[in-house]
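Everything numeric in this text was worked out from a predicted model, so none of it was measured. For the numbers below, each heavy atom of this structure counts, side chains included, while hydrogens, waters and symmetry mates do not. Below, chain A is the first sequence line, B the second, and so on; all start at residue 1.
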2 protein chains.
Amino acid sequence: MTRERSPLTPESSVPTLADVARRANVSTATVSRCLNSPDQVIERTRNRVMDAVNELGYAPNFSARALAARHTNTIGAVIPTMDNAIFARGIQAFQEELGRHGFTLLVASSSYKEALEEEQIRTLAARGADGLLLIGYHRNPALHEFLRARSVPALVAWAYEVDSDIPAIGFSNRNAMADLARLVFEKGHRDIGMISADTKGNDRARDRLAGVRLAAREAAIDVDRMPVIETTYSIESGMQAFRQIMGWTPRPTAVFCGNDVLAIGALKAAKEMGLSVPEDVSITGFDDIEIASLAEPALTTVHVPHREMGRRAAGMLIDMVTKRTVPESVELQTDIRLRRSLGPPKT
Amino acid sequence: MTRERSPLTPESSVPTLADVARRANVSTATVSRCLNSPDQVIERTRNRVMDAVNELGYAPNFSARALAARHTNTIGAVIPTMDNAIFARGIQAFQEELGRHGFTLLVASSSYKEALEEEQIRTLAARGADGLLLIGYHRNPALHEFLRARSVPALVAWAYEVDSDIPAIGFSNRNAMADLARLVFEKGHRDIGMISADTKGNDRARDRLAGVRLAAREAAIDVDRMPVIETTYSIESGMQAFRQIMGWTPRPTAVFCGNDVLAIGALKAAKEMGLSVPEDVSITGFDDIEIASLAEPALTTVHVPHREMGRRAAGMLIDMVTKRTVPESVELQTDIRLRRSLGPPKT
DNA sequence: TATGAAAATGTAAGCGCTTACATTAAGGCG
DNA sequence: CGCCTTAATGTAAGCGCTTACATTTTCATA
């Protein structure tokens with residue numbers, strides 16, 4: 001025979017606000033206030049409620065709260081991938097700072113796919129993110145429209161353009177790369193090549209390439225015959241691309257890499273090919289991840305303050321969300337780390 | 001004078017299910033079905049509904065859905081930090097696999113703080129995570145109790161113990177390290193030291209240390225006088241620790257590092273001290289992150305299949321959540337990558 | 001001690017969905 | 001051409017919270 005059980009007291013179900021209220025002999029409103037604005041309730045009652053909370057092991061249901069309160073204290077971020085030191089580092093700092101202010105982070109990654117990014121943004125909005133951190137400017141304009149309609153503020157990071165009307169924190173990838181390139185040209189290099197990350201849907205990569213071209217033009221170098229290879233983010237791809245680019249005529253005496261990971265690959269390939277760096281060929285990177293200064297020879301690269309960017313992005317976004325205000329974009333300073341991998345060309 | 005506006009048609013508010021239903025001339029139930037189990041509604045109506053959805057730019061409210069449906073298709077993960085290649089890599093794979101099955105990932109990081117981890121776990125549960133990925137076994141048992149009470153299945157990763165009753169995917173840090181240590185002892189080393197990550201609240205670090213001790217005991221080496229330095233996860237800390245450990249008497253001829261990052265630091269410090277590796281001192285790591293094979297000399301280390309672990313963890317967790325079943329723990333194979341940084345001691 | 005403002009608490013109406021159950025429409029068959 | 005089964009759709013009751021507003025309590029002051 002089936003055991004009978006009162007449906008009114010379902011055993012071991014998770015406690016709700018109402019359970020707490022009942023046990024503490026107060027209304028649900030009071031319990032809610034104890035949790036959200038404790039100073040609105042007198043100490044005696046508050047203690048009673050808190051005791052009930054502890055005894056019951058009560059934890060508020062987030063969805064219900066979000067539904068009723070219409071905000072979530074949650075910030076979403078859509079990054080290309082976590083498996084990339086620069087984002088991992090920046091996002092970690094971002095999260096720490098958010099946590100310090102009682103916000104939670106929701107991360108999604110798009111694997112550098114534009115369509116996926118769009119979906120993730122919509123998902124995050126649907127999940128009630130109060131604000132969004134996005135990487136780079138390049139995306140379907142309808143998306144910003146969508147976010148505006150739902151009044152979800154968005155901040156762009158890892159990029160900076162003076163004239164954009166959407167707030168950002170970052171640096172000019174183009175200018176930073178151009179600075180580095182000028183230095184390379186000053187050393188006397190005329191035959192150069194570039195290994196770039198895939199520029200399709202990645203405006204940072206595009207801007208870095210543009211930076212090299214800009215400086216090249218200034219130095220009266222024929223940009224059109226500069227070999228440019230686009231490839232994916234990995235040491236292995238960097239190696240392949242490097243081998244390929246060194247087959248070019250005239251053979252480059254300096255190879256720009258769109259990021260440090262590609263540069264490390266190039267360095268490794270050079271070593272395998274029996275070329276010495278920088279005597280036979282100079283190699284530069286971008287990002288200044290830890291490995292850059294450890295490589296042999298150490299890598300000349302552009303230093304980017306990833307953690308600072310993450311931390312400050314958090315602050316800005318929190319302001320945008322709580323004060324409903326649109327901040328000035330901030331431009332971070334990058335600087336060139338001149339290390340052994342760059343030298344003058346062989347004469 | 002204030003403009004009058006019907007409160008029934010608040011302009012520009014975000015569309016709801018009811019709006020869609022009204023526009024498509026069906027009930028809210030039908031709209032809901034179109035979205036969640038499309039084959040339950042006849043094509044003609046479905047098209048009508050979908051059109052309305054598109055025209056309105058409707059996106060379902062996640063919180064409301066979660067509240068009503070009592071599940072979220074969300075998996076939570078609490079990792080020590082994202083700023084660590086092994087977690088970043090594993091979690092990235094984890095997320096990709098979850099995405100492939102329509103699940104979303106929520107990541108929180110605990111900065112290796114036990115209390116913070118506990119809070120994050122509770123938060124994730126409150127946010128309605130259908131399942132949780134946790135790193136390592138070590139934590140307040142009450143937490144597993146808490147999760148059981150709310151019937152939130154949890155899977156432990158990056159660790160594996162035969163006798164534990166909570167499901168896990170990982171490897172035995174102790175055995176893996178012991179294997180490596182045996183190899184080191186076979187080479188003839190008797191004076192050894194270890195640079196470990198902080199073992200407080202980090203059972204992986206503890207197990208790796210235990211592995212070295214185990215193998216040492218087998219080799220009849222006096223474990224008690226082995227210098228062990230615990231430090232934080234960074235190249236810089238690795239350098240400092242190495243300098244310190246090399247001051248020990250007798251000076252170690254081989255130094256075990258709890259992870260590759262510390263080992264890279266040790267390598268760097270050795271170079272600075274004018275010691276050549278492995279002639280003057282052998283150094284080993286753990287994890288086999290990319291940098292390990294790139295270092296100079298390349299690092300002998302334990303290879304761990306992080307991406308595979310992430311991917312399979314996702315599969316297991318999805319099963320646990322959807323089938324409400326408790327899987328067998330799976331032990332992944334690690335293997336030793338013998339590279340230049342390990343050699344016999346000077347005679 | 002009566003009085004009224006301020007503080008504390010309670011009441012109850014949603015928030016936007018899902019889903020059990022009720023109702024209606026559509027076929028298949030004798 | 002009714003009758004019954006099955007497929008499609010509708011109705012409405014929550015899910016667990018927050019919060020505007022109503023009510024009660026407290027307490028300084030006259």
Side-chain angles (χ1 to χ4, degrees), chain A residues 7-8 10 13-50 52-53 56-74 123 125-128 130 150-151, chain B residues 7-8 10 13-50 52-53 56-74 123 125-128 130 150-151:
Chain A
L8 296 174
S13 83
V14 325
T16 71
L17 235 216
D19 295 328
V20 176
R22 208 169 302 124
R23 178 177 258 256
N25 232 282
V26 295
S27 72
T28 60
T30 300
V31 178
S32 176
R33 281 190 281 255
C34 279
L35 267 23
N36 299 308
S37 37
D39 35 298
Q40 267 187 60
V41 10
I42 210 168
E43 183 167 355
R44 220 171 55 89
T45 4
R46 199 189 327 141
N47 290 151
R48 198 145 37 92
V49 170
M50 285 322 202
V53 164
L56 258 36
Y58 168 77
N61 176 312
F62 176 82
S63 299
R65 182 194 294 236
L67 183 57
R70 335 195 56 149
H71 69 262
T72 55
N73 271 200
T74 293
T123 302
R127 293 183 83 99
D130 292 339
R150 310 179 100 76
S151 48
Chain B
L8 295 175
S13 84
V14 326
T16 71
L17 236 216
D19 296 328
V20 176
R22 208 168 304 125
R23 179 176 258 255
N25 233 283
V26 295
S27 72
T28 59
T30 300
V31 178
S32 176
R33 281 189 282 254
C34 278
L35 267 23
N36 300 308
S37 37
D39 35 298
Q40 266 187 60
V41 11
I42 210 167
E43 184 167 354
R44 220 171 55 86
T45 4
R46 201 189 325 142
N47 290 149
R48 199 145 35 92
V49 170
M50 286 321 202
V53 164
L56 258 36
Y58 169 77
N61 177 312
F62 177 83
S63 299
R65 183 195 294 238
L67 183 56
R70 336 197 52 144
H71 69 261
T72 56
N73 272 200
T74 293
T123 302
R127 294 183 83 100
D130 292 339
R150 310 179 98 77
S151 48

Open item on the list: So, using side chain to side chain contact (heavy atoms under 4.5 Å, CB included) as the criterion, who are the partners of D130(B) when residues are at least two apart?
Closed with: H71(B), T72(B), N73(B), F103(B), V321(B)
Task: Check: P60(A) and F62(A) side chains under 4.5 Å, non-hydrogen atoms - done: no
Open item on the list: Strictly by salt bridge (charged side-chain N to carboxylate O under 4.0 Å, His left out), give each pair with a member in residues 61-73 of chain A just once, sequence neighbours left out.
Closed with: none
Task: 5' priority, DNA chain D, between I42(B) and A18(A) [closest heavy atom] - done: I42(B)
Task: Whole-Å distance separating the CZ atom of R127(B) from the C1' atom of dC17(D) - done: 15 Å
Open item on the list: Within the 4.0 Å heavy-atom criterion, would you say T30(B) contacts the bases, only the backbone, or no part of the nucleic acid?
Closed with: sugar-phosphate
Only distances under 3.5 Å count here; give the side-chain donor-acceptor pairs of residues 16-23 of chain A to other protein atoms, sequence neighbours excluded, each with its distance to 0.1 Å.
unit_1: T16(A); atom_1: OG1; unit_2: A18(A); atom_2: N; d: 3.2
unit_1: T16(A); atom_1: OG1; unit_2: D19(A); atom_2: N; d: 3.4
unit_1: D19(A); atom_1: OD1; unit_2: R22(A); atom_2: NH1; d: 3.1
unit_1: D19(A); atom_1: OD2; unit_2: T16(A); atom_2: N; d: 2.8
unit_1: R23(A); atom_1: NH1; unit_2: E55(A); atom_2: OE1; d: 2.1

- [ ] Return the set of residues passing side chain to side chain donor-acceptor pair (under 3.5 Å) with T123(B) (not counting sequence neighbours), or none when no residue passes.
- [x] none
Task: Length of the line joining R46(B):CZ and dA7(D):P, which is rounded to integer Å - done: 15 Å
Open item on the list: If I compare all heavy atoms of T74(A) with all of R127(B), which pair ends up nearest, and what's the gap?
Closed with: OG1-NH2, 2.6 Å
TODO: Identify which nucleotide among dG10(D), dA8(D), dT19(C) has an atom closest to any side-chain atom of R33(B), counting heavy atoms from C-beta outward.
DONE: dG10(D)
Task: Interatomic distance, L35(A) CG vs dT19(D) C1' [rounded to whole Å] - done: 15 Å
Protein-nucleotides 13-16 of chain D N/O pairs closer than 3.5 Å?
unit_1: dC15(D); atom_1: O2; unit_2: A68(B); atom_2: N; d: 3.4
unit_1: dG16(D); atom_1: OP1; unit_2: R70(B); atom_2: NH2; d: 3.0
unit_1: dG16(D); atom_1: N2; unit_2: A64(A); atom_2: O; d: 3.3

Could you tabulate the donor-acceptor pairs under 3.5 Å formed by side-chain atoms of residues 27-35 of chain B, not counting sequence neighbours?
unit_1: S27(B); atom_1: OG; unit_2: A29(B); atom_2: N; d: 3.4
unit_1: S27(B); atom_1: OG; unit_2: T30(B); atom_2: N; d: 3.4
unit_1: S27(B); atom_1: OG; unit_2: T30(B); atom_2: OG1; d: 3.4
unit_1: S32(B); atom_1: OG; unit_2: N36(B); atom_2: ND2; d: 3.4

Which donor-acceptor pairs under 3.5 Å do the side chains of residues 40-49 of chain B make with protein atoms, sequence neighbours left out?
unit_1: Q40(B); atom_1: NE2; unit_2: S37(B); atom_2: OG; d: 3.2
unit_1: T45(B); atom_1: OG1; unit_2: I42(B); atom_2: O; d: 3.1
unit_1: R46(B); atom_1: NE; unit_2: P38(B); atom_2: O; d: 3.3
unit_1: R46(B); atom_1: NH2; unit_2: V41(B); atom_2: O; d: 3.3
unit_1: R48(B); atom_1: NH1; unit_2: A24(B); atom_2: O; d: 2.5

Open item on the list: Looking at dT9(C), I'd like to know if its phosphate oxygens (OP1 or OP2) sit under 4.0 Å from a side-chain N or O belonging to S27(A).
Closed with: no
Task: Rounded (10°) bend between the five-pair end axes of the helix from dT1(C)-dA30(D) to dG30(C)-dC1(D) - done: 40°
